[in-house]
Amino acid sequence: MSDGDDTASDTNEPPVTDESPATDEPPATDKPPATDETGPVEPTASAESLLLTYAAPFLGVVLIAIGLPLAIVGGYVVVQDGVGLCGNPTITATPADEYEGALATIETLPVEDLTSAEREALEEAIDSPLQEAKVDGEMANRGTLLEGAIVEYEGDRYYVQIASLNSCLEVAPLLFPIGAIAIIVGILGVLTPPIYRKMAGFEERMRNERTR
């Protein structure tokens, strides 16, 4: 009898295996990222995290730094003539007596050699309390007046010199739109991390609503 019972107990017991019981828990790598009330606080992949958290803002700052001077210079070129920042040169006419002989080595320029525009500017400068006037026209003696010259006019001697050339800055006007585009792209790069977090949070909330 004892032999029969032992045989029955051996056949009814389930076999013992070394395998661990199966669980329904997902692997650790499938766990969702840490979240707060607004969504994930970190990007879902390390590569995305590095790219969107550090690379994109850094590139944005570089683009803004490059775009600002380009936009300023390009914008200045566009408006400089309209706001009077460049144009005709100006001359000054100072009585030579004020220099007390310091002009002995200065070249003398006959008044007959002045162009009509230079002569009109000379007369205007002599009558002006600032002793300065613009040359509105041909300026054939630019080199001489740039160094300064003595001009005798109606019996008086004047030291005439170019005070300002008012030259226009010459650069490509396309610098302004290029700089503006660089600044806009740079701002988007700087704002990439918060924008990405908001989008990730929105996707996470939508995913949670579908799984309910």
Side-chain angles (χ1 to χ4, degrees), residues 55-192 194-195:
F58 175 76
L59 181 61
V61 172
V62 172
L63 287 175
I64 292 174
I66 295 174
L68 278 176
L70 294 180
I72 293 173
V73 173
Y76 177 81
V77 170
V78 173
V79 303
Q80 62 178 345
D81 195 22
V83 298
L85 298 178
C86 66
N88 299 323
T90 60
I91 62 171
T92 57
T94 308
D97 296 341
E98 295 184 6
Y99 294 95
E100 298 179 351
L103 304 178
T105 58
I106 300 299
E107 180 181 354
T108 299
L109 179 66
V111 69
E112 295 80 10
D113 292 347
L114 298 178
T115 65
S116 58
E118 291 170 342
R119 188 161 183 162
E120 290 177 3
L122 174 63
E123 295 171 351
E124 184 179 348
I126 291 173
D127 295 335
S128 171
L130 299 177
Q131 300 177 337
E132 184 174 326
K134 285 186 178 181
V135 181
D136 189 10
E138 182 186 4
M139 196 167 189
N141 298 288
R142 177 187 293 265
T144 302
L145 296 180
L146 193 61
E147 297 291 334
I150 299 296
V151 179
E152 186 172 343
Y153 182 74
E154 294 183 348
D156 295 322
R157 300 172 71 247
Y158 296 92
Y159 176 64
V160 182
Q161 187 181 29
I162 293 178
S164 174
L165 289 173
N166 289 332
S167 300
C168 292
L169 180 63
E170 296 182 359
V171 296
L174 283 177
L175 290 181
F176 177 71
I178 292 175
I181 293 173
I183 292 173
I184 293 173
V185 175
I187 292 174
L188 292 177
V190 172
L191 296 178
T192 294
I195 293 175

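Just so it is clear, the model here is predicted, and its values are computed rather than measured.
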query: Are any of the side-chain heavy atoms of Arg142 and Ile162 separated by less than 4.5 Å?
result: yes
message: Any non-hydrogen side-chain atom of Thr108 less than 4.5 Å from a side-chain atom of Ile150?
response: yes
query: Out of curiosity, Arg119 CZ to Asp113 CG, how far, rounded to the nearest 0.5 Å?
result: 11.0 Å
- prompt: Between atom CD1 of Ile184 and atom CD1 of Ile64, what is the distance when rounded to the nearest 0.5 Å?
  reply: 10.5 Å
- prompt: Taking all non-hydrogen atoms of both residues, which atom of Thr92 and which atom of Ala163 are closest, and how far apart?
  reply: CG2-CB, 3.6 Å
- prompt: Do Leu109 and Val160 touch side chain to side chain, with heavy atoms closer than 4.5 Å?
  reply: no
task: Would you mind reporting whether Thr94 and Tyr99 have side-chain heavy atoms less than 4.5 Å apart?
output: yes
query: Looking at residues at least two apart in the chain, or sitting in another chain, which of them share a side chain to side chain contact (heavy atoms under 4.5 Å, CB included) with Pro95?
result: Glu98, Gln131, Tyr158
query: When Leu70 is tested against each of Val73, Leu68, Ile66 for side-chain contact (heavy atoms from CB on, under 4.5 Å), which residue passes?
result: Ile66
query: Quick check: does any side chain N or O of Glu118 sit under 3.5 Å from a backbone N or O of Asn141, one acting as donor and the other as acceptor?
result: yes
Exercise: identify the closest heavy-atom pair between Ala71 and Ala180: CB-N, 4.1 Å
query: What's the spacing between Glu152 CD and Glu112 CD if we round to 0.5 Å?
result: 9.0 Å
statement: Heavy atoms of Gly148 and Ile106 approach each other most closely as O-CG2, 3.6 Å
- prompt: Are side-chain heavy atoms of Met139 and Leu145 found at a separation under 4.5 Å?
  reply: yes
- prompt: Has Tyr159 got more than 12 heavy atoms of other residues, nucleotides or ligands less than 6.0 Å from its OH?
  reply: yes
query: With sequence neighbours excluded, what pairs up with Asp156 under the side-chain hydrogen bond (donor to acceptor under 3.5 Å, both in side chains) test?
result: none
query: More than 12 foreign heavy atoms under 6.0 Å from CG of Asp136: is that the case here?
result: no
query: What heavy-atom pair brings Gly186 and Leu63 nearest, and what distance separates the two atoms?
result: CA-CB, 3.9 Å
task: Over all heavy atoms of both residues, which pair between Cys168 and Gln80 is shortest? Give the atoms and the distance, please.
output: CB-NE2, 3.6 Å
message: Return the CD to OG1 distance between Glu132 and Thr90, rounded to the nearest 0.5 Å.
response: 4.0 Å
query: Mind checking what makes side chain to side chain contact (heavy atoms under 4.5 Å, CB included) contact with Val79, not counting sequence neighbours?
result: none
query: Of all heavy-atom pairs between Leu122 and Ile91, which one has the smallest distance, and what is that distance?
result: N-CD1, 3.8 Å
message: Side chains of Leu175 and Val77, heavy atoms from C-beta outward: is any pair under 4.5 Å?
response: no
